[in-house]
Amino acid sequence: MQDTPPARGLSAHILPTSATMIGACMTVLTIGHLGHTTSARMAVDKLLAIDALVFLASAVLSFMSMRTGQTGVRHERRAELLFLFGLAGLAIGAVALAFAID
């Protein structure tokens, strides 16, 4: 019988990826300010800002999941759902930004 370390689940992957996605949202927000400001761009900016907060919440829940041990399964599930919601928001923002560029 082989000793294996306990599995940490998805939280070990969600935490660093969520932090990276926050940076991606902030980068797109910054680059978006280089062009002309239109109502469509303002909507995309707001979507990406909210999306960055969704990724932040996902990262916090993921961290809480790893810190609380066995009782953190609920936090991990919520972090996973928020992460997927954030990815969907980022994809929608990317499509909207593509149509907003003149």
Side-chain angles (χ1 to χ4, degrees):
M1 192 155 94
Q2 184 178 348
D3 290 335
T4 57
R8 294 192 320 186
L10 289 175
S11 291
H13 301 286
I14 293 173
L15 179 60
T17 308
S18 288
T20 302
M21 298 314 287
I22 292 169
C25 289
M26 298 307 295
T27 301
V28 173
L29 277 169
T30 303
I31 291 172
H33 289 281
L34 295 176
H36 300 292
T37 302
T38 63
S39 61
R41 284 217 176 156
M42 291 299 291
V44 171
D45 285 351
K46 290 178 183 179
L47 175 66
L48 290 174
I50 291 169
D51 206 31
L53 292 176
V54 170
F55 282 121
L56 177 64
S58 176
V60 168
L61 283 171
S62 177
F63 178 77
M64 288 172 54
S65 171
M66 289 189 291
R67 296 294 289 175
T68 57
Q70 196 68 335
T71 61
V73 174
R74 183 177 57 215
H75 294 310
E76 184 175 68
R77 176 63 55 149
R78 290 178 182 161
E80 179 182 10
L81 290 174
L82 278 175
F83 183 77
L84 291 174
F85 182 70
L87 283 179
L90 192 59
I92 291 168
V95 170
L97 185 62
F99 285 108
I101 295 175
D102 295 331

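Bear in mind the structure is a predicted one, so any value in this text is a computation, not a measurement.
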Nearest 0.5 Å, please: how far is OG1 in Thr17 from CD1 in Ile14? 8.0 Å

Nearest heavy-atom pair of Ser11 and Met66: which atoms, and what distance? CB-CG, 3.5 Å

Shortest non-hydrogen pair, Gly9 vs His13, comes out as O-CD2, 4.0 Å

Side-chain donor-acceptor pairs under 3.5 Å in residues 49-60, sequence neighbours left out?
unit_1 : atom_1 : unit_2 : atom_2 : d
Asp51  : OD2    : Leu90  : N      : 3.1
Ser58  : OG     : Ser18  : OG     : 3.2
Ser58  : OG     : Ala79  : O      : 2.9

Side chain to side chain, Leu29 and Met26, heavy atoms closer than 4.5 Å: yes

I need the minimum non-hydrogen distance between Val44 and Gly93, along with the two atoms involved. CG1-O, 3.9 Å

Working to the nearest 0.5 Å, report the span between CG of Leu48 and CD1 of Ile31. 11.0 Å

Establish whether Leu10 and Ile22 are linked, either directly or via other cluster members, by ILVMFWY side-chain heavy-atom contacts under 4.5 Å. yes

From the list Arg74, Arg77, His75, Glu80, side-chain contact (heavy atoms from CB on, under 4.5 Å) partner of Ser65 resolves to His75

